[in-house]
Amino acid sequence: MKKTGLLYDERYLNHNTGLYHPETPDRLRVIYKGLTEAGLLPKLKLIPARPAEMKWVESVHDKAYIKRFRELSLSGERTFDYPDNQICTETFDTAILAVGGILDAVRLVMTGDVDNAFCAVRPPGHHAEYDKAMGFCYFGNVAIAVRYLMSEWDIKQVGIIDFDVHHGNGTQHVFEEEASVFYYSIHEHPSFAFPGTGRVFEKGVGLGTGFTRNYPVLPGQGDKEYEKIFETDLLPMFDQFKPEVIIVSTGFDAHMDDAISGIKVSTEGFTWIMQRIMELADKYSNGRLVSVLEGGYSLTRLPELAANHVKTLLNDSL
Amino acid sequence: MFVSKTMTRKVITISPDADLFEAQDRMAKNNIRHLPVVIEDNKLVGIVTDRDIRSTMPSSLFKELECTLEEKDSVCQLKVKDIMTPDPMSISLLDTIQDAMLLIQGERIGALPVVDEDGKLKGIISIRDLLRAFINVMGIEEPGTLLGILVEEKVGELKKIVDIIVGEGISLGSVLVAKYWEEGKRAVFPYLFAMNVNPVKEKLKTMGYELLDPLQWYIDKLPEMDDPE
């Protein structure tokens, strides 16, 4: 058994996206309920949210953007640039709590208080750009965590695995010119899905060439395709890169019952994926792994998906 | 839609008396494949392509092989005017992008010099310029989601679709309408600046529209074409 941290806080429910939006507080409610009913909570170290220091948010985002987001959120405005980005008066504070909680989870992994952690946060982060909110995302949670790891903990090689069904354009753009961060994303093909980036020829820029890897999956594909990608491409590439820490952008929206995509990964498929990532972490990263929630909108499937995910982190029998 | 708005204005040109190495060098340095050939007053007299040059030059694989001085000399003596296409097909400033597309496609060429009424070179429009314009028209450089909808070929269908999208507060990056292989049907591809497109999909289905299976999408495919196997 491993020591696994769970970042969860009821304040993450305060970001209200209104009616008819898939990224609802209910997602976290059912995830927490799923973990509770699976009897997992006593096995986990609960990590409460805390506000992030602004210097970490500013390590990835434009100051003027942060200011604009705060002002817009407090003003009572409901939409931030695109109708996708529904906000309320609590959204800015919630986003800051998400970042802060994740940084604390990273810290606990680095101090050895826990081996790994699952960060059940809202809002998600991997679409957020340097100066633009996008695709339900406001701050690049994972990107900020990597910046924190590199400057506060002197980590030189970070691996990011993003299996959310959408391409993490924001994360990619932060690190695409760097050879110290390997960003690997598997997602629905950008010609058929948001955000239209993450094409196979996007491989990094300048010194970072070869340290960005995009593997688009066609609509209708599922477990078999993901198994092939891991075995023939992802695992060999990480065998070469040897990350000191692995950060996972965990999206459950490639599930066959998730209406947002045409990808058909099964519940068992998600467990298989996470088991392979755990093996990678054990092999190269001393087990150090932080999983950060991105998408996943099927309220009926999220409980089991989250429970299996956490069981895998715990190295508990399924 | 005038060619003058989409063409490349800063044209790299060459003189008819330049030698082939200079022409080759100029194309390589600027990463281009066509050099309009001009004389004084920028008057267009020909065009030379990288293929014209490559088919004249001995293969680089033969560099180390025996090759008589005379043979080497004959290549060195060649000038652009000896291998260029004289009086090339060109297009005028007030012709349109559509003209350029149809001409380039029909003549199977890669680029068209753009000239004014005195035959002076004003620009060049290449396949790449047209691609750039098409990428712009598709709107795909901004994040969004493409939908595919099958509609009856009758007046007012597109309006209903656009109304549904606008009703959700979503901006449109583009709407492409393509021929469909079934008689009397069209395929409509709206590109939405949104990730959350399910409400639009649901409303379309409620109104009786058939969403195209993403794997059957095409923007350009001839009807009843067999898959190459």
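Chain identifiers are assigned alphabetically (A, B, ...) following the order of the sequence lines, protein sequences preceding nucleic acid strands; residue numbering begins at 1 within each chain.
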| note | Residues at least two apart in sequence or cross-chain that pass side-chain hydrogen bond (donor to acceptor under 3.5 Å, both in side chains) with B/Thr96, listed by chain then number, are B/Asp99
| Taking the six-membered ring where the residue is Trp, are the ring centres of A/Phe175 and A/Phe211 under 6.0 Å apart? | no
| Quick check: does any side chain N or O of B/Asp52 sit under 3.5 Å from a backbone N or O of B/Val48, one acting as donor and the other as acceptor? | no
| Around B/Ile135, counting heavy atoms of other residues, nucleotides and ligands shown, do more than 12 lie under 6.0 Å from its CD1? | yes
| query | If you measure from CD1 on A/Ile186 to CZ on A/Phe163, what distance do you get to the nearest 0.5 Å? | reply | 9.0 Å
| said: If I compare all heavy atoms of B/Ile104 with all of B/Ser126, which pair ends up nearest, and what's the gap? | reply: CD1-C, 4.5 Å
| said: If you count heavy-atom pairs within less than 4.5 Å of chain A, which of B/Pro199, B/Gly148, B/Gly144 leads? | reply: B/Gly144
| said: For B/Leu146 and B/Ile140: C-alpha separation, side-chain torsions, deciding distance, then whether side chain to side chain contact (heavy atoms under 4.5 Å, CB included) applies. | reply: CA-CA 9 Å; B/Leu146 190 68; B/Ile140 53 175; over 6 Å; no
Scan the chain B/chain A interface and emit each donor-acceptor pair under 3.5 angstrom with its distance.
from     : atom 1 : to       : atom 2 : distance (Å)
B/Glu142 : OE1    : A/Tyr82  : OH     : 3.1
B/Gly144 : N      : A/Pro195 : O      : 3.3
B/Met195 : N      : A/Asp84  : OD1    : 3.1
B/Met195 : N      : A/Asp84  : OD2    : 2.3
B/Asn196 : N      : A/Asp84  : OD1    : 2.8
B/Asn198 : ND2    : A/Ala259 : O      : 3.2

| query | For A/Ala259, is it the side chain, the backbone, both or neither that has a heavy atom under 4.5 Å from a heavy atom of chain B? | reply | both
